[in-house]
Amino acid sequence: MTTQYDAVVVGAGFGGMGAAIQLNRLGYDNLLILERESDLGGTWHVNRYPGLAVDIPSATYSYSFEPNPHWSRLFAPGAELKRYAEHVADKYRLRRYMRFGSVVTGAVWDETNAHWTVSLAEGEPVTAKYLLTATGFLSQPKKPDIAGIDTFGGKVIHTTAWDDGYDLAGKRVAVIGTGATAVQLIPEITKVARELTVYQRTPIWVSPKLDFPVPKALRRAFAALPFTQRIARLTGTALLELMMVSGVLHYKQLPAANRLGKLWCQAHLRRQVRDPGLRADLTPRYSFGCKRPTFSNEYYPAFTKDHVHLETTSIAKIDETGIETADGRRRDIDALVLATGFDLWEANFPAVEIIGRGGRDLGKWWRENRFQAYEGVAIPKFPNFISLNSPYSYSGLSYFTTIETQMRHMDRLFGAMRRRGATEFEVTQEANDAFLDRMTERLGDSIFTLGNCAPANSYYFNPHGEATLLRPSSTLNAIKEAQSFPVEDYTFA
Ligand SMILES: Cc1cc2nc3c(=O)[nH]c(=O)nc-3n(C[C@H](O)[C@H](O)[C@H](O)COP(=O)(O)OP(=O)(O)OC[C@H]3O[C@@H](n4cnc5c(N)ncnc54)[C@H](O)[C@@H]3O)c2cc1C
């Protein structure tokens, strides 16, 4: 049986596009990128809610080999990220590989033909020598399990499916959820809604946001002198890195750095909210860093407005016209906004059924053993498979550090394979186990223990209570390891 493609990449977000660029650099041109949506961009195609913006300095959020001198603000709005994704796809000629509206349902390693068979919700399966899944972490929307939610007769909008045609102006709106999305969205809703009630289960730490329009002269300098942009990128990355390494990853050695982060947010809250009761309700009971840091100058003040209510009593049920809390109070609303985030661990590890050598089912294996992946990309018994959204793959606060770390890993791995005249690779169980031990030990130094973080409800933690989403190492270290891992950690055939 012939193999149709060199590689199939699942997902046309920044991760999938980075993987395709790397495969091109390695000389593979017979590629297929399968994307269930109608266009590319992943996160930045799907999310369009008011207030959407990158939540780290824009200069750090791009491929290092394709800097963007045109960001309009220090924290660029979401539409600019989508345009940047389109620019990359055009410049690197990636659209020719993309097939939209293609929902992948599973993939099976075919021992006889030494290739992957990838099945789709519609149409014939496709086969490829290599399989790369870039299905994202924050890509499977979570709907809350609240009694009666389907009976609500007004408008229901999940933040990942924003309805541009529905006007919230003059409406009584409820927002469920107070995560990173809500921090961006709530201030925008307060500007138009007649009344807004925010249902909060877990408060969030919010830092001041040093945002401003990037002056045209600076943008021109970035375009004319690329090294200036590189400096901006390195400076931004170094600051994020400092925050991550000192405040979060080395918590055990440096608890003071973490306390400083917390004090910084507390002072922000004190400055912006005078009412001590409201302040207490908005104050998290978990350590700073247990969740992804958020930045806003408008979030806390939104709750001081007369037409905005913070509700901390849990929701008992939703009926046709409103929401009732556990203490029997109810509120009529016109629109219900679900800022309830994403299902990571159940729906995304993995996002589709992956069956490896000897029938090993990846989802089952992760759940029955531990969530693990060598260097955040490879798993024993899954030959020729790069899982870009694996446990321990998310390194650094800009996701582009993750993508480029993985591109470097691919470069070294495929290079070693080809030098041996081989076409198959598989990570060894021993190398995988040693990596898992190293990560587990490093996690012990970090803030990520349930003792510090349990009330945070953080998606960093898997169902076993281990924080296996983020790689507990500095970006520099992750990059170094991607460029120098022992190639003997893999077998080649
Ligand atoms: C609102 C929001 C704001 C964010 N802000 C930041 C930020 O400021 N900084 C930062 O570093 N990160 C941020 N992130 C994280 C962001 O997801 C990453 O930065 C990055 O965009 C991930 O790229 P990706 O390609 O890995 O995943 P995604 O962008 O999620 O792309 C995955 C793609 O896979 C497709 N897919 C999934 N399953 C299937 C299937 N079965 N079949 C076919 N296609 C499938 C999806 O449709 C999607 O297009 C944010 C995330 C969200 C949701």
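Read the numbers this way: they start at 1 and go in the same order the structure lists the ligands and their atoms. If you're wondering where the values come from, they're calculated on a predicted model, not measured in any experiment.
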Would you call [X] a ligand 1 contact, heavy-atom distance under 4.0 Å?
X    : result
F75  : no
R292 : yes
L397 : yes

Between S102 and ligand 1, find which residue part has any heavy-atom pair under 4.0 Å and reply side chain, backbone, both or neither. backbone
Region of F100 engaging ligand 1 - heavy atom pairs below 4.0 Å: neither
Contact between [X] and [Y] at the side-chain level, heavy atoms closer than 4.5 Å - yes or no?
X    : Y    : answer
F100 : L40  : yes
D361 : E353 : yes
E346 : R367 : yes
T133 : P350 : no
F288 : I447 : no
T190 : F303 : no

Do me a favour and list the nearest non-hydrogen protein atom to [atom] with residue, atom name and distance?
atom                    : value
atom 25 (O) of ligand 1 : G15 N, 2.8 Å
atom 3 (C) of ligand 1  : W44 CH2, 3.8 Å
atom 2 (C) of ligand 1  : T43 CG2, 3.9 Å
atom 1 (C) of ligand 1  : Y49 OH, 3.5 Å
atom 31 (O) of ligand 1 : G42 CA, 3.6 Å
atom 36 (N) of ligand 1 : R36 NE, 3.8 Å
atom 42 (N) of ligand 1 : V104 N, 3.0 Å
atom 27 (O) of ligand 1 : G136 CA, 3.2 Å

Would you say [X] and ligand 1 have an N/O pair spaced under 3.5 Å apart?
X    : result
V103 : no
S398 : no
S139 : no

What are the atoms of ligand 1, with element, lying closer than 4.0 Å to any heavy atom of [X]?
X    : result
N389 : 26 (O)
T135 : 32 (C), 34 (O), 37 (C), 38 (N), 39 (C)
V352 : 41 (N)
V54  : 7 (C), 8 (O)
Y394 : 11 (O), 12 (N)
F342 : 53 (C)
L138 : 51 (C), 53 (C)
G11  : 33 (C), 34 (O), 35 (C)

Between CG on residue L26 and CE on residue M407, distance to nearest 0.5 Å: 9.0 Å
Report the distance from atom CG of L31 to atom OH of Y97, rounding to the nearest 0.5 Å.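 Reported to 0.5 Å precision, the distance equals 4.5 Å.
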Option whose closest heavy atom lies nearest to atom 20 (C) of ligand 1, chosen from F137, Y61, F14: Y61
Check each of E35, Q140, E37, E353 against atom 46 (C) of ligand 1 and report the one with the nearest heavy atom.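 Looking at heavy atoms only, E35 sits closest to atom 46 (C) of ligand 1.
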By side chain to side chain donor-acceptor pair (under 3.5 Å) - contacts of R73 (at least two apart):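 Partners of R73 under the side chain to side chain donor-acceptor pair (under 3.5 Å) test: D211.
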In terms of ring plane angle, is the pair H464 and F371 parallel, tilted or perpendicular, where the classes change at 30° and 60°?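 Judged by the thresholds at 30° and 60°, the geometry between H464 and F371 is tilted.
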Using 30° and 60° as the class boundaries, would you call the ring planes of F385 and F382 parallel, tilted or perpendicular? tilted
For the pair E375 and R412, evaluate salt bridge (charged side-chain N to carboxylate O under 4.0 Å, His left out) and give the outcome as yes or no after the intermediate values. CA-CA 12 Å; E375 294 282 338; R412 184 168 170 79; over 6 Å; no
Does the pair D29 and R96 meet the rule for a salt bridge (charged side-chain N to carboxylate O under 4.0 Å, His left out), with working shown? CA-CA 10 Å; D29 189 38; R96 65 197 156 131; 3.3 Å; yes
Applying the ring-ring contact (aromatic ring centres under 6.0 Å, His included) test to Y399, which of Y394, Y61, F14 qualifies? Y394
Decide yes or no on side-chain contact (heavy atoms from CB on, under 4.5 Å) for Y63 and M17, but give the supporting numbers first. CA-CA 10 Å; Y63 299 101; M17 294 205 295; 3.6 Å; yes
